[in-house]
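A short worksheet on the structure shown next.
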Amino acid sequence: MGKSKKEIGKIISPILEKLVNRLLVIKPEDPIPYMIQHLEDSIGSGAKPLNKRESVELAKLRKQFQNLKKKDDMEEDSKVSEEEASSDDEDDYIDELPEVAKVRMSGPARNSVSQEVYGIFNKKQDFIARVIEKSDEMKHKIRERLLESFMFANLDEKDLCIVIDAMEEKIYEEGDTVIKQGDDGAELFLVGEGLLQCFKETKTTEVYLRDYEHGESFGELALLYNAPRAATIRAKSRSILYSLDRDTFNLIVKESSQKKRDKYEQILKKVSILDSVSAYERSQIADAIKEESFKDGDMVIKQGDPGSIFYMVSEGEAIAMKKFDGSEEEKEVMKYNPGDYFGELALLRNEPRAASVIAKTDLVVLKLDRLSFKRMIGPLEVILKRNMEMYKTVVSS
Ligand SMILES: Nc1ncnc2c1ncn2[C@@H]1O[C@@H]2COP(=O)(O)O[C@H]2[C@H]1O
Ligand SMILES: Nc1ncnc2c1ncn2[C@@H]1O[C@@H]2COP(=O)(O)O[C@H]2[C@H]1O
């Protein structure tokens, strides 16, 4: 026999109460996906796992919700005026993305990542990833591309192998649509070869957002938020893509990226130049970081070299040495401790390195390449430029 009203009330009241409280505190722009996610989290956080029938029901509900959402989106699009539609400002759309995630990031303490995955797999150890047969050569190619990408580069060897096995090669000819805005999505794509373009569609037109090249991935939003595809992606040239299914993404990739975020979050909090960035932006910086270690006396940067990397000190000490006006004599112009940064001038001014930086102890630095620096630290340019005044003082003293 089913449960009595009282019994059902007892189970769902605390969940609903918590849900309403969260909604009132967080005020998400789009409350429905937030509510669905919250309910799924509630399933993951101790309640009995869904049985098969319940899972099917949940899938049906999700499908109904996605169709409704698609309809809403289309109605919304039809309201967009011609002027708005012709806007080609990429940032309008880029800015929308973090907002969704901010809601999730800034909310009350979240369940562990493996608890919030889509579907009924609540634990990584219960999960058996798919294996798509492929040659060693293809495995090698996929590995190379995975290591180029922020999202996958931090997988340990075991997880890297699981992801390589689960990936499926898909070839698209020039003009083919890989992802259609509004569709349901169950896979993420890593670009092996080729060039793709991302567009935001409105009722009347489509606005170009960005390109995707080898080593970059797309299609993660539908998996992360159980939402319809947020943009359209088309092949600009013949493209070889590797697709990864939702469950492998959620259980293997998302978790490792979370580990990296956890690892660097505390360190990045000490980097004063990042004081004004939000938790979400900091987590994106953590995704893009590469770590490197140097021994006492190693040269990290050489004056006069071209530069394409920005550095933040994680552990240890370093100094900056500078030769002035063609003189061979070097003067110490700066000391670095954990939380300090250097190497910004070459990126900001497109000039060779203005000084040398040398490790004074064993040193661990966090590095951002030019593109990540531009995207993530670029908005802090005013502060960086203000801080550059300090070099003048050092030089003149
Ligand atoms: N500004 C953007 N808005 C939405 N999607 C974007 C944007 N830029 C890139 N994308 C990618 O386009 C993909 C479309 O499918 P998804 O929504 O699954 O995931 C999306 C992102 O990976
Ligand atoms: N007096 C200084 N002049 C120029 N660069 C300095 C000075 N002191 C420290 N630096 C740092 O040394 C770095 C060398 O590489 P960049 O020119 O990219 O960026 C430089 C600054 O971050």
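When a ligand or atom number is given, it counts from 1 through the structure's own listing order. These figures come from a predicted structure and were not determined experimentally.
When the salt bridge (Lys or Arg N to Asp or Glu O under 4.0 Å) test is applied to K385, the partners found at least two apart in sequence or on another chain are E381.
Distances between N or O atoms of R229 and those of ligand 1 include at least one value under 3.5 Å. Any N or O atom pair closer than 3.5 Å counts here, and L223 shares no such pair with ligand 1. Checking only distances, E220 does come within under 3.5 Å of ligand 1, N or O to N or O. Distances between N or O atoms of L347 and those of ligand 2 include no value under 3.5 Å. Polar contact check, A354 against ligand 2: a nitrogen or oxygen pair lies under 3.5 Å apart. Any N or O atom pair closer than 3.5 Å counts here, and G343 shares at least one such pair with ligand 2. Residue-to-ligand polar distances keep Y341 apart from ligand 2: every N/O pair is separated by 3.5 Å or more.
In summary, the side chains of S272 and D275 do not present any donor paired with an acceptor at a separation below 3.5 Å, with no hydrogens or angles considered.
Listed by number with element, the atoms of ligand 2 under 4.0 angstrom from any heavy atom of F342 are 22 (O). Residue A346 has at least one heavy-atom neighbour below 4.0 Å for each of these atoms of ligand 2: 16 (P), 17 (O), 18 (O). For ligand 2, the atoms lying closer than 4.0 Å to a non-hydrogen atom of A320 are 9 (C). When each atom of ligand 2 is checked for a heavy atom of V333 under 4.0 Å away, the hits are 1 (N), 7 (C), 8 (N). Residue contact check: I233 has heavy atoms under 4.0 Å from atoms 12 (O) of ligand 1. Per-residue contacts place F218 under 4.0 angstrom from the following atoms of ligand 1 (heavy atoms of the residue considered): 22 (O). Numbered from 1 in the order shown, with element, the atoms of ligand 1 that lie under 4.0 Å from a heavy atom of Y212 read 9 (C), 10 (N), 11 (C).
Closest to atom 11 (C) of ligand 2 by heavy atom, among Y311, F310, Y336, is Y336. Among A222, G219, C198, the residue whose heavy atom lies closest to atom 8 (N) of ligand 1 is C198.
One finds the CG atom of N250 at 8.0 Å from the CG atom of N226 (value rounded to the nearest 0.5 Å). Within the model, atoms NZ of K139 and CD of E144 stand 15.5 Å from one another, a figure rounded to the nearest 0.5 Å.
The residues E187 and K170 are annotated as salt-bridged, a charged nitrogen and a carboxylate oxygen being separated by less than 4.0 angstrom. R238 and E174 are not joined by a salt bridge, as no carboxylate oxygen comes within less than 4.0 angstrom of a charged side-chain nitrogen. A salt bridge does not link K360 with E332: every distance from a Lys NZ or Arg NE/NH1/NH2 to an Asp or Glu carboxylate oxygen is 4.0 Å or more. Using a 4.0 Å cut-off between charged side-chain N and carboxylate O, K236 and D211 make no salt bridge. Using a 4.0 Å cut-off between charged nitrogen and carboxylate oxygen, E201 and K180 count as a salt-bridge pair.
Here side-chain hydrogen bond (donor to acceptor under 3.5 Å, both in side chains) pairs that include residues 340-350, with residues two or more places apart or in two chains, are Y341-N387, E344-Y391, R349-E351, N350-R370.
In summary, of the residues considered (F342, F294, Y311), a ring pair (Phe, Tyr, Trp, His ring centres under 6.0 Å) with Y336 occurs for F342 alone.
Using a 4.0 Å heavy-atom cutoff, G307 is absent from the residues neighbouring ligand 2.
Two residues are said to be in side-chain contact when any heavy atoms from C-beta on lie closer than 4.5 Å; K263 and E291 meet this criterion.
Using a 4.0 Å cut-off between heavy atoms, K322 contacts ligand 2 through its side chain alone, with no backbone atom that close. Contacts between F324 and ligand 2, counted as non-hydrogen atom pairs separated by less than 4.0 Å, are absent for every part of the residue. With a 4.0 Å cut-off on non-hydrogen atoms, R353 touches ligand 2 through its backbone as well as its side chain.
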